[in-house]
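In the text below, chain A, chain B and the rest are named by the order of the sequence lines, each starting its count at 1.
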Amino acid sequence: MKALLLILKNLRRNKLRTTLTALAVIVMVVLCTEAATVLFWVHQHVHTQACQSKLLVSERWVAPSCIPTRYLALLTHQEGVEDWTLWNLYTGYLDTSRQSSRKGFGLATRPDNLIAMHLGLEKLDPAAVEALQREKTGAIVSADLMQQMNWKVGQQFTVLSSSHPHKDLRFKIVGVLPPGEYVRNFFFRQDYYEEGTGNKETITCVWLRLRDAETAQRVASRIQKQFQHSQPELKVETESAGVARFVSREQALLSVLKWVVAVLVLDMAIVLSNSISVATRERRVEMAVLKVLGFEPVVIMALVVGEAMLLGAVSGFVGAALAWLSSTLAVHGFLPSNPATRIFFSFPIQAAMVLWGALLGALVGFMGSIVPAWNAWQVKVSDVFAKIA
Amino acid sequence: MSAQPLIVVDNVAKEYMRGSERIVVLRDVNLEIAAADFVALIGPSGSGKTTLLNLIAGLDQPTSGRIWFDGLEISKLDEARLARWRTNAVGFVFQFFHLIPVLTAYENVELPLLLLNLTARRRREQVLMALDLVGLSHRLHHRPGQLSGGEQQRVGIARALVTDPKLIVADEPTGDLDHVKSGEILDLLQSLQQELQKTILLVTHDPAAAARARRVLRIDKGTLVEDRSMHSGRFRLFEWTVQ
Amino acid sequence: MVPLAYNYRNLQVRWKTTLMTAFGFTLVVAALVIMLAFLNGIEAACIASGEPENVILLSKGNQDEVLSQMERPLVAQVENSKGVAVDAAGRPLASRELFLAVHHRPPEGDEFHFLQVRGVLPAAFRVHSQLHLLSGRTFRPGQSEVMIGKGVQRTHHFQIGDTLEIGRKQWQIVGVFESRGAAFESELWCDLNELASQFRRDGLYSTVVLRAETPQGAEELAERLRNSRSVSVEALTEPKYYQKQAEQTRLLQTAAWVIAWFMGLGALFGVMNTQFAAIGQRSKEIAVLRILGFPARAILLSFLIEALGIAAVGGSFGVALGAAANGVTRSFSLGARSIDFAFRVDGPIVVCAGIFALLMGLLGGLLPALSAMRVKPLEALR
Ligand SMILES: Nc1ncnc2c1ncn2[C@@H]1O[C@H](COP(=O)(O)OP(=O)(O)OP(=O)(O)O)[C@@H](O)[C@H]1O
Ligand SMILES: [Mg+2]
């Protein structure tokens, strides 16, 4: 406790330096938090259990996929299938400008098990799903589209279709998707899709939920074998394998992102280390005095490390909290929509990241204080006083 | 003594505000200093010696009263013009030498010349001459850290005289030196006055130092209380050492 | 002016701090250079892909070949549009193409990935005049042969003579081609009719590329087709089409700069810290300089130069480090397709990064330098 007080006092001594160091760390942690959120998303989708027990069935060879509707019954009656849903992709422009920045991607699906079958919809208001079941032309729209198009729930909109020429559809907004998983998307009813586009023959893809990863593997190979000689052939992969494939396409981007995080962490450590070094150099005499008074070198070292870690942790906490705050504000429409804030719709920062930021800051503080602490350890009483005299 | 004094201090007062409290440091100071004189300023600690020196050297402005230097009223100049004037007119010697630690003796002395429009060659000549005068020709490329206290102070003096100013002010230049080294520095200052006709204004606590001067001013609680002209400095010194 | 030796030696004396601060800059600038080189490489690949004489046609409402579908009558009609160049035999220079993203599972390992396959007719080689063989030969129609782009060879390590399973057929690789770094290098080319029947796409095309006599002619042709009442297609000159594709990286560009500025801000605070500490330690020296007659702005300049020096040293190492990425090849997905590109560090990027570093040094050095300028000589020496 005493030590903490001493550390706090030391930090308060040169307020300017403490503030600048803190600012540097805060700024970099803001960035780190978002980058880590993206990397964490990837990790989670490739490795969680839920993603490994869910199968995505699509056409074997060609994208975009096209599965005959007659396959559906065969797929969903496989032994071990607990639940299923389907997607039909319906793309188009949301206004007459027909700019690619005004494109929306509709997913026609079953409304009844919408939440259960889709990752990241746990936070979707069940009332929205009920409304979708009541309203045939209903659509549940992603938060970023709502904000970009300035739409309100209850309003209607028309999609000028590019995937289904001359089949423009009109929708009524009955709910908003939680930010995160779905960006530029809206969900609507499969029956409305069939009626509106006249396409009852094909499905883009089918989702199957199995008991566990092992069953999923078994069912996947069974389906693949069963449809081996049909035309078109089917491809079955777990959701995590699908994400992994998607991610491997973005490998270049992800590796740049990883470098960025590494650079940020290193940079923070440098700034902290530099600042703590200056502070310890200024305090050489005091440290010598402490040693004369009988303090053990370990204690003196601990004071230096503690100072860096405390400063790092507090700044990390503040930085991550700022990032979380801006993410939350952006998602709720309190910040102007621009390319920089739109990232939060795809990768909203979780409140838990704030603790992670503090931890990172402390860690970086520790890294940065190793050298200065070593120097403090090495302070020789005789040297210091010889220089003074 | 020449008819026209180099420095005229007319009814000068200096006050400082410390919080809401007003501190009068100098009051009713009237003084004339002739060119090529060697003046020592003595008095108890806190009496205002440094303050008066700073005013005369153009580092500070009086609260009231006026100061002329060689016919120019320096108490009227603004800060930028004062700075330019200082480079030409006044050389400074400090108690703690205040050399720039990262620069060599040569570079330290050259520093004020960089403010004047001189060719590199001219600068070099002047620097070498100044260092020669203080007897440090063999230490040109040493850093202050590699010089003894006495040598450092000589570099300081060389820096003060390199621009060939009329006035050299020295605030306790021997305060940080031992007896022998002090003597050497004082010899040097004295020779500057005698051989180069520099006006020297020396603030000191050291009676031996004051004894070198041709005129001694004593200041107490912000006013001049004594103004004595001395005999030859060497004689006085002899007398003092005999005592 | 305060001599530069003064700044230089001071940086030298506290070299550990100087190097650490500069290293902060090095990292930030290197990151910036790499990010910009990444985007520059993609853009260069896109720009290289377009020949100004060519007009690319897609079905109405589509901006991407992957989703575009055009039927035979429409294609036959546009091929005979006015302004399309003709070859020696009097046939229009038009290339009908079918572009498919095909799943491929390499024999070892069981992860799917995409191969981008383009079915073409012989006319394609006259329309895409920049394409030429590096080794092997062109495919023979109907013989299940493919030729692969340089980028495909690099990423998948295919060799001439290898067979590939695409759809249910085995295809043999007979040649490798290049196309001045263009997007085509990330594709496999084969016979259009064979590909179409394989994937039940008979009579369907993704795109038709028309060649005009001149770039000017191409512009006019595209304009005419866009506004035509009789045909309903998207028509763009190739450079415009690929430029549009490259626009998808706009968002990344913004992101790169946002990241750079945030990082730079961190480095900036680092310099500030270092300089404030330096000024704190050297306030007496500053006072002496002022007393000797150096004006306040000389002090300001001196300390600014010092900060800039740190930034310049760190920045140049950063540029050098970032330039090491030059030429490294990766693939990147643009819309539904992926292209191979090489990180490209060029003059503008170096200049940009240099200015960025100096700007950060300047901003980081300004506040401390201002405070140095305000050092009161008499008080500092008391
Ligand atoms: N900037 C200032 N603010 C407030 N008070 C000041 C300031 N400068 C000087 N003083 C006060 O003015 C008085 C005279 O100071 P000065 O430095 O001139 O004394 P001095 O005679 O040189 O003393 P010493 O022999 O100790 O150097 C002192 O009481 C000092 O506290
Ligand atoms: Mg004094």
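The choice from B/T163, B/L103, B/L114 that makes the most heavy-atom pairs within less than 4.5 Å of chain C is B/L103. By number of non-hydrogen pairs under 4.5 angstrom with chain B, the leading residue of C/R9, C/E285, C/M1 is C/R9. Listed options B/N88, B/L82, B/L111 were ranked by heavy-atom pairs under 4.5 angstrom with chain C; first place goes to B/L111.
At least one donor-acceptor pair under 3.5 Å links the side chain of C/T155 to the backbone N or O of C/G151. Judged by distance alone, the side chain of C/T329 and the main-chain N or O of C/A342 form no donor-acceptor pair under 3.5 Å. In this structure a side-chain-to-backbone donor-acceptor pair under 3.5 Å is missing from C/Q275 to C/M272.
Of the two parts of C/P3, the backbone and the side chain both hold a non-hydrogen atom closer than 4.5 Å to a non-hydrogen atom of chain B. At a 4.5 Å heavy-atom cutoff, B/E110 makes no contact with chain C through either its backbone or its side chain. In this structure, the portion of B/F94 lying under 4.5 Å from any heavy atom of chain C is its side chain and not its backbone. Using a 4.5 Å cut-off between heavy atoms, C/R282 does not touch chain B at all. Only the side chain of B/R143 comes within less than 4.5 Å of a heavy atom of chain C; its backbone N, CA, C and O stay farther away. Of the two parts of B/E79, only the side chain, counted from C-beta on, holds a non-hydrogen atom closer than 4.5 Å to a non-hydrogen atom of chain C. Contact annotation for C/I291: both backbone and side-chain heavy atoms come within less than 4.5 Å of a heavy atom of chain B.
Within 6.0 Å of the CZ atom in C/R330, the count of heavy atoms belonging to other residues, nucleotides or ligands does not exceed 12.
Geometric assessment of B/K14 against the ring of B/Y16 yields a positive cation-pi assignment under the 6.0 Å and 45° thresholds.
C/F343 and C/F341 have tilted rings, their planes meeting at an angle from 30° to 60° on a 0 to 90° scale. Taking the six-membered ring where tryptophan is involved, the planes of C/W261 and C/W257 are tilted, since the angle between them lies from 30° to 60°.
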